[in-house]
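Working notes, structure below.
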Amino acid sequence: MNGLTPDMLEGAGIRTDRQAQRDRQEKEGGPDQLGQEDFLKLMTTQLQNQDPFEPMENGDFIAQMAQFSSVTGIQQLNESFEGFAQSMGQNQAVQGANLVGKDVLVPVEFGQLGPEGGMSGAFELGASAESVEVEIMNGAGERVRRMNLGAMGAGLQDFQWDGMTDNGQRAPAGVYEVRATARSGERTESLETFLNQRVDSVSMGGEKNGLALNVQGVGEIDFSDVRRISG
């Protein structure tokens with residue numbers, strides 16, 4: 001089969017690399033794609049300009065058709081996935097709007113104590129422990145409250161601080177750190193803590209390219225990090 005020159009391809013109305021390069025110089029855009037119409041023009045041009053003594057074999061023709069069908073199918077699949085992802089993102093944003101004003105359990109160590117009430121949260125136990133202790137630290141790193149919760153089983157375990165110090169006085173409003181420790185025999189383990197915090201607002205495009213929650217006293221938290229939602 002004779003080779004196809006750029007002039008022959010452009011004469012058949014098919015874009016070539018030479019023509020595409022000129023277009024990109026005029027306007028930047030995405031990569032050129034071979035559409036179904038262009039493919040049919042290309043096949044027609046090949047058949048018209050093939051060597052009659054060495055015509056294209058049926059196997060070659062079928063192979064090119066199969067290759068185009070595969071590429072077209074992948075392009076259509078990508079477009080379907082893009083539409084699905086956009087729809088999911090919109091649905092997630094609508095659901096996220098319903099979280100505003102609710103409390104979510106998020107993996108943080110610092111929480112905001114108000115002028116009234118206390119703080120609540122949870123910690124994760126990988127195995128049962130003979131005793132679990134929760135300490136509340138103020139901004140100066142001083143312990144204001146120690147709570148011995150006794151023996152606990154594995155899993156997510158809740159705790160609550162009423163806002164009172166060890167000497168029976170009300171702790172000032174502000175930011176406090178929560179530390180949880182599990183002990184079994186001679187082994188001591190620091191536990192990951194979670195605190196219940198109020199959702200102020202939501203937005204799309206967090207660190208994980210999903211729904212992000214603006215949590216009171218914490219800042220931005222990815223929705224995927226939320227362990228529990230409460231009213």
Side-chain angles (χ1 to χ4, degrees), residues 85 87-139 141-166 168-184 189-231:
S87 176
M88 287 293 291
Q90 293 172 348
N91 183 55
Q92 194 176 43
V94 172
Q95 292 179 341
N98 295 327
L99 295 176
V100 175
K102 295 184 179 296
D103 290 336
V104 292
L105 187 66
V106 292
V108 294
E109 301 173 351
F110 295 88
Q112 182 77 33
L113 177 69
E116 297 180 354
M119 289 170 52
S120 63
F123 46 82
E124 189 81 47
L125 274 171
S128 59
E130 295 177 359
S131 67
V132 177
E133 185 177 88
V134 172
E135 295 179 304
I136 309 297
M137 318 296 291
N138 62 18
E142 302 169 339
R143 187 182 67 218
V144 298
R145 182 71 181 271
R146 174 189 288 172
M147 297 181 292
N148 192 342
L149 305 181
M152 288 189 154
L156 191 66
Q157 301 290 351
D158 294 320
F159 72 89
Q160 187 163 355
W161 175 43
D162 58 7
M164 304 299 290
T165 65
D166 283 334
Q169 296 180 348
R170 172 74 186 180
V175 176
Y176 290 84
E177 179 186 2
V178 178
R179 300 177 183 176
T181 306
R183 292 184 175 85
S184 294
E189 179 186 4
S190 295
L191 305 176
E192 182 179 13
T193 58
F194 303 83
L195 296 178
N196 290 306
Q197 300 292 333
R198 186 64 51 89
V199 177
D200 288 333
S201 62
V202 298
S203 61
M204 295 297 296
E207 291 183 3
K208 300 178 183 178
N209 295 322
L211 184 67
L213 309 181
N214 184 21
V215 179
Q216 190 177 81
V218 177
E220 187 175 282
I221 294 289
D222 282 292
F223 179 71
S224 59
D225 294 328
V226 173
R227 291 295 300 269
R228 189 170 62 203
I229 302 171
S230 57

Compare every heavy atom of V100 with every heavy atom of S201, then report the nearest pair and how far apart it is. CA-CG2, 4.0 Å
Report yes or no: does R198 contribute a side-chain atom to a donor-acceptor pair with the main-chain N or O of G101 at less than 3.5 Å? yes
L149 side, atom CG; T181 side, atom OG1 - distance, nearest 0.5 Å: 10.5 Å
Of all the heavy-atom pairs spanning E124 and L191, show the shortest one and how long it is. O-CD2, 3.6 Å
Under a 4.5 Å cut-off applied to non-hydrogen side-chain atoms, are M137 and R179 in contact? yes
Closest heavy-atom pair and its distance - G121, L105: CA-CD1, 4.0 Å
F194 vs D158 side-chain heavy atoms within contact, under 4.5 Å: no
side-chain contact (heavy atoms from CB on, under 4.5 Å) evaluation trace for F159 with M152: CA-CA 11 Å; F159 72 89; M152 288 189 154; over 6 Å; no
Report the C-alpha separation of R183 and E130 in whole Å, then their side-chain angles, then the decisive distance to 0.1 Å, and conclude whether the side-chain contact (heavy atoms from CB on, under 4.5 Å) test is met. CA-CA 6 Å; R183 292 184 175 85; E130 295 177 359; 5.9 Å; no
Considering non-hydrogen atoms only, spot the tightest contact between P172 and L113 and give its length. O-CD2, 3.7 Å
What one should report as the nearest heavy-atom pair of V178 and I136 is CG2-CD1, 3.9 Å
Spacing of CE belonging to M119 relative to CD belonging to Q197, to within rounding of 0.5 Å: 6.0 Å
Starting from the C-alpha separation in whole Å, work towards a yes-or-no answer on side-chain contact (heavy atoms from CB on, under 4.5 Å) for Q157 and V132. CA-CA 10 Å; Q157 301 290 351; V132 177; over 6 Å; no
Spacing of D225 atom CG and E220 atom CD [to the nearest 0.5 Å]: 10.5 Å
According to the interplanar angle, ranging from 0 to 90°, do the rings of Y176 and W161 count as parallel (below 30°), tilted (30 to 60°) or perpendicular (above 60°)? perpendicular
Over all atoms of both residues, closest heavy-atom pair of R145 and M164: NH1-O, 3.0 Å
Atom CG in N98, atom CD1 in I229: separation rounded to 0.5 Å? 10.0 Å
In Å, rounded to the nearest 0.5 Å, how long is the span from CG of N148 to CD of E135? 10.5 Å
Nearest-0.5 Å distance that lies between atom CZ in R170 and atom CG in D162: 8.0 Å
